Amino acid sequence: MFVRTTARDGIRRSTAARGLRATAVAMLAAAALASCTQDTPQDAASPRSSAPAAPSAAPVDNADQAEQAASEASEATDDPALPTEPAPEAVRDAFATLQATLNDTCTPGAGDCAYFLGRVTRELTELDEAMRADPKGPGHFKQPLADMKALFAKLGTDRSTPHLEKHFTAIVGTRDGINTWMQDHPDDYR
């Protein structure tokens, strides 16, 4: 299961949550449709008799309509035009969260680097995503994207604390280099 936490809003997003949300929407639509077809104004105005009414086709129709509404709602969530993943943050937002780490540091081997290096690496990953998705295009962010690509190649998929501590200088250097680049491009973060 894919889970992504954004530092800006602290919301955990997952594919399971989107699936549950789509199911809930479909169920609400079906329930609303069923409730709209049960009582008509004419039925509400007439006195009710205590004798049981003759069976009608309405419950079958309601079930069919509810099924159809749920099916349509499910198809609407599978629309390829709708984004399946949350959109990346804006560059300025992703940069702001990275910039918040500028005065932070740690001492590799002293046991205080797990959070710091994990956060900086995560912030760099989110900034990379934001720059690639920006309307200006990745060509505008050529230098920072190249720096992050080089860092990510060194790190590979290992995000363990000992591995990140081994690459402390590269992680902090990439963060500081991107900060310098962004300071020369204020239109990208203001």
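The first residue of the sequence shown is numbered 1, and numbering continues consecutively from there. Just the heavy atoms: all of them, side chains too, but no hydrogens, waters or symmetry mates, feed the values below. The shown structure was predicted, so the numbers you read here are calculated from the model rather than taken from an experiment.
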* Taking it one step at a time, do T97 and R122 satisfy side-chain contact (heavy atoms from CB on, under 4.5 Å)? -> CA-CA 10 Å; T97 58; R122 183 181 65 248; over 6 Å; no
Show me the side-chain donor-acceptor pairs of residues 165-174 shorter than 3.5 Å, one per line, residues at least two apart or across chains.
from	atom 1	to	atom 2	distance (Å)
E165	OE1	G109	N	3.3
E165	OE2	G109	N	3.4
T174	OG1	A170	O	2.7

Please output the side-chain donor-acceptor pairs of residues 137-150 that fall under 3.5 Å, not counting sequence neighbours, one pair per line with the distance.
from	atom 1	to	atom 2	distance (Å)
H140	NE2	D188	OD1	3.1
H140	NE2	D188	OD2	2.8
Q143	NE2	D147	OD1	2.7
Q143	NE2	D147	OD2	3.3

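Every residue meeting the side-chain contact (heavy atoms from CB on, under 4.5 Å) condition with P186, not counting sequence neighbours, appears here in chain and number order: Y189, R190. A search for side-chain hydrogen bond (donor to acceptor under 3.5 Å, both in side chains) contacts involving R132 returns D128, not counting sequence neighbours. Take D184 and apply the side-chain hydrogen bond (donor to acceptor under 3.5 Å, both in side chains) test, not counting sequence neighbours, and it matches no residue. The side-chain contact (heavy atoms from CB on, under 4.5 Å) test applied to A110 returns T107, D112, not counting sequence neighbours. Applying the side-chain contact (heavy atoms from CB on, under 4.5 Å) test to S160 and every residue at least two apart in sequence or in another chain returns D158, P162, H163. For D187, the salt bridge (Lys or Arg N to Asp or Glu O under 4.0 Å) partners two or more places apart in sequence, or in a different chain, are K136.
Counting only residues at least two apart or in different chains, disulfide bond (SG atoms under 2.5 Å apart) contacts with residues 137-190 are absent. Among residues at least two apart or in separate chains, there is no disulfide bond (SG atoms under 2.5 Å apart) pair with a member in residues 158-190. The disulfide bond (SG atoms under 2.5 Å apart) contacts involving residues 104-138 comprise C106-C113, where partners must be two or more places apart or lie in separate chains.
Although no hydrogens or angles enter the test, the distance criterion places no donor-acceptor pair under 3.5 Å between the side chain of R119 and the main chain of T101.
Side-chain contact between N179 and R175 is absent, with no heavy atoms from C-beta onward closer than 4.5 Å. In this structure, L98 and L124 have side chains that are in contact, with non-hydrogen atoms separated by less than 4.5 Å.
For the atom pair OG1 (T157) and CZ (F152), the distance works out to 13.0 Å, reported to the nearest 0.5 Å. Atoms CZ and CD, from R92 and Q99 in turn, are 13.5 Å apart once rounded to the nearest 0.5 Å.
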